[in-house]
Amino acid sequence: MKFVKYGSLGIISIVVLAGLGIPLSPSPQGWLEFPIIPGLEDKARNLFFHVPMAWTSVLAFLVSTYFGFRYLRTKEIDYDLKSVSAAGLGLLFCILATVTGALWARFNWGSFWNWDPRQTSIFILLLIYGAYFALRSAIESEEKRASLSAVYSIIGGLTAPFFIFVMPRMMAGLHPGAKGDPSGKGPLFEAKMLAPNMRVLFYLSLIGFTLLFIWMLQMRIRTARLDYESSLEQS
Amino acid sequence: MSAFSSTVALFSKDVRSELRTRYALNALLMFVVTAVATILFALRSDVPSPTVLSGMYWVVVFFTAMSSLSRIFVSEEERGTTMTLQLVASPSTVYFGKLFFNTALTVSLTLAVTVLYTLVFSEFFIIRTASIFFVTVFLGSLGFASAATILAAIVAKANTRGTLYPVLSFPILIVLLMTVMNATARALEGEAFSEAMGDFQILVGYILAMTGGSYMLFDYVWKD
Amino acid sequence: MEEFLSVNQMYIVLGIVLLIWIGLASYLLRLDKKLQELEKRINKGGHS
């Protein structure tokens, strides 16, 4: 557990320092200079902070669905506490991903919202989280609340794979690296476009924020347990 | 009784009780007429494009379905027949019986909207590729019903009438809505049948995933 | 120092983000500690 705690703190500190501190250079030499990506420039640094938010919100949804599934199997309320805790954090990261993405889009694509496939997906994820909590708040009975919301999150998860097939048919991708990227920046993740140091830092950032999510999740679960136990004692 | 015949029995019970009161059918018809009339007022004399028309077609279907499909389990709760149904029928029988009924309701709903659209938008709403259109409408209805049935069961058990249902169903149905709107626009624009194959594959996959998932999860919703 | 910062403005942003991150991280650490204390107290009271 110490590893999760100090690992996330350390890794994210490194990501912040390096992600914002390493200067851009037209002809990068070695590991301490980032290349200038035409059309993105300093905005490329968003990769280290915005993308992990989106990744974590999806991860949180999967974790929440998994614990929901475990609840349905075992009917142990502890799994429901875990499931809500993950969903709550997922909602937080989802909002952060949406807002940071929109801010970035304002300056890169000209407007806050463009209905790019990934913007649409995160919007739907936000709606699913919203519906999940709306459903939970509508049910009084604890067991009913736990099992109905678990079923709902699994049903929501079932639709997710279809977005991968549906989105590209409906709208052009604008994200750096997407097929329809209009500025012709091409696939950002092809070896030439994303410099090795940026790639390493990006993966480091994903790991760091995943650890942070795990740590926060554990704290939330512990709080939920205390809350639940004290509510039992009072009744 | 075999599983299939008891499913059919449950289905025909719902159909008979529906035909006796005609509550859902009448409400559905009035809803469709109101929605289409509102669209007509909004459009005035503008010429809607196929994309706009196909979009509005499914908007009408979505909101009408939302107002009527949720009743399927709520009506059982209101009449106090849930317990009886739990005793006499297995959960999968109940699920498929309700699914068939909801499918029948959605198919009749889309037929009503189609007839109304061809009447009031006779100049613009021309189905150029009938095969795409009818396959889309049929698969779309099935998809709507498959997702709507499990959600209706959730809402009925949550004891919150109406308001929660559109909130829950929109994120689930949005994939389906996008696909059927796309395919319907193709039908109106007169594209070849093969062009819409990708859309149909998505629809069939969606229906299979939803019915399969609902079938597995229905027990947990249905049994308290 | 001031001259350097007005040329390399990214470091101003770096400072701000670092400050925010230090604030958030120390908040999380304190929350973690507080939780541990609470767990100890409640579990002691609950089982004895």
Side-chain angles (χ1 to χ4, degrees), chain A residues 1-2 4-25 33-34 36 41-46 48-50 52 85 89 92 96 100 103 205 208-209 211-234, chain C:
Chain A
M1 253 28 310
K2 284 230 164 88
V4 170
K5 200 191 294 182
Y6 297 115
S8 68
L9 291 177
I11 292 175
I12 295 174
S13 303
I14 292 171
V15 169
V16 170
L17 278 172
L20 294 177
I22 293 182
L24 298 184
S25 152
E33 278 176 339
F34 285 148
I36 294 181
E41 289 98 27
D42 271 333
K43 291 188 298 268
R45 299 176 194 271
N46 202 33
F48 310 123
F49 306 101
H50 160 69
S85 305
L89 278 175
L92 170 71
L96 286 178
T100 53
L103 269 177
S205 166
F209 280 101
L211 290 179
L212 183 73
F213 164 68
I214 296 172
W215 182 31
M216 288 172 81
L217 178 61
Q218 280 168 342
M219 286 207 273
R220 237 190 133 103
I221 292 170
R222 282 154 63 193
T223 321
R225 277 181 191 148
L226 288 179
D227 186 31
Y228 179 71
E229 280 159 19
S230 66
S231 75
L232 281 186
E233 275 166 29
Q234 272 172 1
Chain C
M1 186 68 186
E2 200 146 310
E3 216 172 296
F4 173 78
L5 279 182
S6 58
V7 177
N8 300 292
Q9 292 181 357
M10 187 50 85
Y11 292 108
I12 303 173
V13 181
L14 173 61
I16 291 170
V17 174
L18 211 56
L19 213 63
I20 292 175
W21 172 235
I22 290 170
L24 283 177
S26 50
Y27 169 77
L28 282 175
L29 279 170
R30 279 188 52 197
L31 190 66
D32 195 46
K33 242 192 191 148
K34 188 85 202 159
L35 255 175
Q36 255 165 12
E37 278 169 28
L38 262 176
E39 272 169 344
K40 251 185 217 160
R41 200 191 310 165
I42 287 188
N43 288 342
K44 246 188 216 161
H47 290 295
S48 61

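Chain identifiers are assigned alphabetically (A, B, ...) following the order of the sequence lines, protein sequences preceding nucleic acid strands; residue numbering begins at 1 within each chain.
For residues 212-232 of chain A, there are no ring pair (Phe, Tyr, Trp, His ring centres under 6.0 Å) pairs, not counting sequence neighbours. Sorted by first and then second residue, the salt bridge (Lys or Arg N to Asp or Glu O under 4.0 Å) pairs involving residues 9-26 of chain C (not counting sequence neighbours) form an empty list.
Heavy atoms of Arg225(A) lying under 4.5 Å from chain C are absent altogether. Both the backbone and the side chain of Leu17(A) come within contact range of chain C, with heavy atoms under 4.5 Å apart. Glu229(A) touches chain C through its side chain: at least one heavy atom from C-beta onward sits under 4.5 Å away, while N, CA, C and O do not.
Counted within 6.0 Å of NZ on Lys34(C), heavy atoms from surrounding residues, nucleotides or ligands total 12 or fewer; the atom is thus considered open.
Here the straight-line distance linking atom CG of Leu226(A) with atom CG of Leu38(C) works out to 6.0 Å at 0.5 Å rounding. Taken to the nearest 0.5 Å, the CD1 atom of Ile22(A) stands 10.5 Å off from the CG atom of Leu14(C).
The shortest distance between side-chain heavy atoms of Leu28(C) and Met219(A) falls below 4.5 Å. With contacts defined as side-chain heavy-atom distances shorter than 4.5 Å, the pair Thr223(A)/Leu31(C) does not qualify.
The stretch residues 18-25 of chain C places Leu18(C), Trp21(C), Ala25(C) near chain A, each with some heavy atom under 4.5 Å from a heavy atom of that chain.
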Run the side-chain donor-acceptor check on residues 4-11 of chain A: report pairs under 3.5 Å with partners two or more places apart or on a different chain.
{"from": "Lys5(A)", "atom 1": "NZ", "to": "Asp32(C)", "atom 2": "OD2", "distance (Å)": "2.8"}
{"from": "Ser8(A)", "atom 1": "OG", "to": "Val4(A)", "atom 2": "O", "distance (Å)": "3.1"}
{"from": "Ser8(A)", "atom 1": "OG", "to": "Lys5(A)", "atom 2": "O", "distance (Å)": "2.9"}

